[in-house]
Amino acid sequence: MTATAAPVSTIDDVLASGSVHSLYQPIVELDSGRVVAYEALARGPQGPLHTPDALFAAARAAGRLAELDALCRSAALRGAVAAELGPPLTVFVNVEPQVLESAPLEELLAIATTAPAGLRVVVEITERALATRPADLLRAVERVREVGWGIALDDVGAESMSLAFMPLLRPDVVKLDLRLVQQRPGPAVAEIMNAVNGYAERTGALILAEGIEDEDHLAMACALGASLGQGWHFGRPAATASPGRTVGRLDLPSADTAVVDTEDSPFSCLPEGTQLRTAPKALLIELSKHLERQAMRLGETCVVAATFQEARHFTPATSLRYRDLVARTGFVAALGEDLPIEPVPGVRGAHLAADDPVRGEWDVVVLSPHFSAALLARDLGDGGPDQQRRYEYALTYDRRTVERAGVALVARVAAQPAPELPDADGTGAQAQPGTVAVRDGGTVEEVLLHRALAATTSGVAIADMTAPDQPLVYVNAAFEQLAGRTDAQVLGRNCRFLQGADTDPGTVDRMRLAIREGAEFRATLLNHRGAEREPWWNEIHLAPVLDATGAVVQYIGVQTDVTARVTAERELLQERDRTRQHLARIEELAYTDPLTALPNRRRFEERMESALWQARLDGTAVALLFLDLDGFKAVNDALGHAAGDELLQVVADRMRHRLRRGDLLARLGGDEFLVGLVGLDPATAAQESARVAAQLQAALTEPVVLCDKTVQVRASVGISVHPEDGAEFGPLLHLADARMYAGKHPLVP
């Protein structure tokens with residue numbers, strides 16, 4: 001009788017027997033059709049754990065995810081050799097995000113020592129791991145680069161955070177999330193495409209589009225800028241290489257992916273020869289605030305990292321600013337001696353040891369796909385008043401320097417701890433995903449959690465994502481006040497009842513997309529309170545709650561009424577607009593002739609001084625023409641001042657249309673006008689200015705019909721030229737005036 005092997009049906013059986021293998025899906029060069037790489041995809045034994053979703057869900061539930069991930073990596077590398085996927089091919093190997101969030105650094109780097117010699121490997125990671133354990137992951141990335149392997153950033157576009165961290169991870173390959181290829185384009189796709197293509201253009205990184213299943217998907221992938229493609233259109237996962245396919249080498253970029261020393265300080269990242277300035281602390285504070293305001297405008301794809309030397313410098317005012325940064329940007333970090341892991345909710349912190357070189361620096365780094373800036377300063381060790389302490393500093397917009405400084409800071413950020421609640425005996429126990437607070441009774445943990453939620457001044461609501469229409473299953477007292485409804489009126493309903501016709505549909509769409517993707521979401525949107533539908537501005541933060549299998553079972557929403565702040569901001573903007581309009585009008589009155597709308601002498605003198613300064617720099621000449629109308633007084637006396645005013649307007653219009661765009665024209669007063677001819681060749685400036693003067697005299701001699709009468713005036717012109725006749729406006733004007741009167745002749749009847 002032949003013995004039959006016991007079926008492998010549990011995760012413990014899988015790990016004990018090592019019964020995991022890999023299938024390999026081709027990655028194709030789109031312009032040539034050559035297969036240049038294969039991605040290793042894990043599979044379990046035949047049965048309930050065969051698919052990767054079931055396999056990894058079981059490992060998560062059993063707390064053995066790191067073991068399974070290591071087993072899958074080993075199987076991927078061994079299988080690649082057996083399937084003859086050696087050079088020139090490359091193998092893409094995934095590292096499970098949750099493993100990166102929990103495994104020791106040594107385990108993460110084991111992948112770099114277990115591969116067979118000569119096997120070309122690209123390690124795929126996601127930005128989620130960087131957000132949780134920045135220091136460990138950045139060091140792991142640099143170690144992977146040291147052994148000559150590449151880095152791919154996976155699922156780019158699934159969350160805005162991936163765009164924010166792309167410059168810090170500096171991936172060789174950017175993998176676009178399959179939804180970008182398969183779904184209808186929208187504003188979010190355009191934002192992602194701009195960011196990814198900008199990064200690829202700067203670094204030479206390759207763009208890989210996933211999920212290509214037909215010709216339409218292929219066309220979209222090419223339109224998005226992808227040079228590599230992956231999906232069923234090119235071949236399904238298999239145990240061996242696709243037979244009969246032309247293969248080629250995947251050429252990864254060599255620029256901008258050099259190993260970065262994560263122990264560097266930001267100030268040391270400044271290139272040799274950088275000009276340093278010296279400034280008191282008071283100036284650095286204002287420069288820092290300016291960079292923070294820039295970051296707020298950049299939004300969710302922006303990373304902000306700053307140092308504060310000591311915790312006492314992270315003041316209450318700083319806390320308020322950084323709370324706003326957290327609400328509007330993708331990732332915010334603050335480092336300093338004795339700073340906690342989370343100085344402000346959502347701000348990632350880190351303690352700096354006394355011997356850390358960053359301890360003596362003042363650094364602010366702002367980095368996004370299309371903007372980079374850093375204030376990098378070093379304390380000069382002054383005593384005296386704090387605001388007057390001096391620093392040597394540089395304000396740089398050089399992207400490579402800003403990225404290196406950003407890596408240096410983020411590589412020091414502490415790992416995000418798992419939330420804990422005290423257990424029944426007071427020793428502490430880790431909170432389990434999916435736990436819902438209860439109103440009465442329950443365990444000690446549940447009672448404490450309920451009390452905390454009930455006491456908070458922010459509105460808290462929990463929605464059940466497993467039930468139809470995702471109803472609310474818990475609200476605290478603060479939420480009831482914000483909504484203007486009791487818990488009996490809102491429980492069991494979807495929270496969309498807070499929205500109204502004037503709620504921004506774009507924000508609602510982004511919120512729904514985040515919920516569909518199981519992602520966090522922050523925004524400020526208009527909601528309505530009570531039966532009267534009173535409008536109020538809600539600063540909302542949504543966070544998913546996962547069960548043991550990793551599925552989203554609830555969403556927790558935290559709401560804060562920021563109506564006063566939004567109203568004040570809008571009133572401030574309106575007041576600024578009114579002020580700008582008033583200032584513009586005042587400036588117009590101060591610098592413009594009200595009759596002809598030409599600049600007056602004051603504005604003309606300012607512009608001439610600028611033109612003379614530019615002429616001295618570039619070696620050009622400037623001519624000044626002084627014009628006086630001959631016969632104007634006779635028109636004024638015969639036809640009246642209204643006719644005289646109309647004549648002056650005609651004269652101004654004729655002169656305006658016969659000068660170059662860059663030349664200057666002003667009314668000096670009465671019937672006198674000034675012309676500035678800029679950018680002239682010094683060798684021909686006198687002749688050119690005389691030619692223009694003759695053209696103006698001819699134009700002004702043409703008859704004008706005023707009050708049904710035809711009148712005619714002429715113009716006398718005096719000319720002075722810089723540099724021949726002088727270097728300053730005053731002497732040039734005096735000389736042109738004198739020459740005009742010297743050549744003035746009486747009007748011929």
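For the atom pair CG (L664) and CD (E606), the distance works out to 12.0 Å, reported to the nearest 0.5 Å. Atom CD of E403 is separated from atom CG of L168 by 7.5 Å, given to the nearest 0.5 angstrom. One distance of note links CD of Q294 with CZ of F371; it measures 4.0 Å at 0.5 Å rounding. Between the CG atom in D509 and the CG atom in D504 there is a gap of 8.5 Å [rounded to 0.5 Å]. With rounding to the nearest 0.5 angstrom, the OG1 atom of T701 is 7.0 Å from the CD atom of Q697. Atom OG1 of T329 is separated from atom CG of L298 by 9.0 Å, given to the nearest 0.5 angstrom.
Residue pairs meeting the salt bridge (charged side-chain N to carboxylate O under 4.0 Å, His left out) criterion with at least one member in residues 676-698, sequence neighbours excluded: E688-R691. Annotation: side chain to side chain donor-acceptor pair (under 3.5 Å) contacts involving residues 612-621, sequence neighbours excluded, comprise Q614-D618, D618-T620. For residues 720-731, the set of pairs meeting the salt bridge (charged side-chain N to carboxylate O under 4.0 Å, His left out) definition, not counting sequence neighbours, comprises D725-R739.
When side chains are defined from C-beta on, L700 counts as touching R654, because their heavy atoms get closer than 4.5 Å. Two residues are said to be in side-chain contact when any heavy atoms from C-beta on lie closer than 4.5 Å; T401 and P271 meet this criterion. Counting heavy atoms from C-beta outward, R399 and L367 have side chains that approach closer than 4.5 Å. Contact of the L526 side chain with the W537 side chain is registered, since non-hydrogen atoms from C-beta on lie closer than 4.5 Å. Residues L163 and V196 are in side-chain contact: their nearest non-hydrogen atoms beyond the backbone lie under 4.5 Å apart. Within the 4.5 Å cutoff, no side-chain heavy atoms of V717 are placed close to those of F673. Annotation: side chain of F632 is not in contact with side chain of V651 (no heavy-atom distance under 4.5 Å).
Scanning for side chain to side chain donor-acceptor pair (under 3.5 Å) contacts around R522 gives an empty result, with sequence neighbours left out. For E646, there are no side chain to side chain donor-acceptor pair (under 3.5 Å) partners, not counting sequence neighbours. Taking the side chain to side chain contact (heavy atoms under 4.5 Å, CB included) definition, one finds that E575 meets it with R578, T579, sequence neighbours left out. Listed by chain and residue number, nothing satisfies the side chain to side chain donor-acceptor pair (under 3.5 Å) test with Q183 (two or more places apart in sequence, or in another chain). Under the rule for a side chain to side chain contact (heavy atoms under 4.5 Å, CB included), the partners of D737 that lie at least two apart in sequence or sit in another chain are F626, M740, Y741. With sequence neighbours left out, T503 forms a side chain to side chain donor-acceptor pair (under 3.5 Å) with no residue at all. Annotation: side chain to side chain contact (heavy atoms under 4.5 Å, CB included) contacts of M511 (sequence neighbours excluded): Q499, I515, F521, L525, L542. The salt bridge (charged side-chain N to carboxylate O under 4.0 Å, His left out) check on E191 picks up nothing, with sequence neighbours excluded. Remark: D593 engages L595, T596, R667 in a side chain to side chain contact (heavy atoms under 4.5 Å, CB included) (not counting sequence neighbours).
Between the side chain of H290 and the backbone N or O of E286 there is no donor-acceptor pair closer than 3.5 Å. In this structure a side-chain-to-backbone donor-acceptor pair under 3.5 Å is present from R529 to L482. Listed for the R660 side chain is a donor-acceptor partner under 3.5 Å among the backbone atoms of V678. The main-chain N or O of S368 is never found under 3.5 Å from a side-chain atom of S372 such that the two would form a donor-acceptor pair.
More than 12 heavy atoms of other residues, nucleotides or ligands sit less than 6.0 Å from atom CD of E702. The environment of NE2 in H734 is sparse: at most 12 heavy-atom neighbours from other residues, nucleotides or ligands sit within 6.0 Å. Heavy-atom neighbours of R321 CZ from other residues, nucleotides or ligands within 6.0 Å: above the threshold of 12.
Contact record, S689 with A623: CB-CB, 3.6 Å, taken as the closest heavy-atom pair. Among all heavy-atom pairs drawn from V156 and L180, the shortest one is O-CD1, 3.7 Å. Nearest heavy atoms, A699 versus R658: CB-NE, 3.1 Å.
Tested against V332, the residues L325, D324, V303 include a single side chain to side chain contact (heavy atoms under 4.5 Å, CB included) partner, L325.
Side-chain contact annotation: T396 with D398, donor-acceptor N/O pair under 3.5 Å absent.
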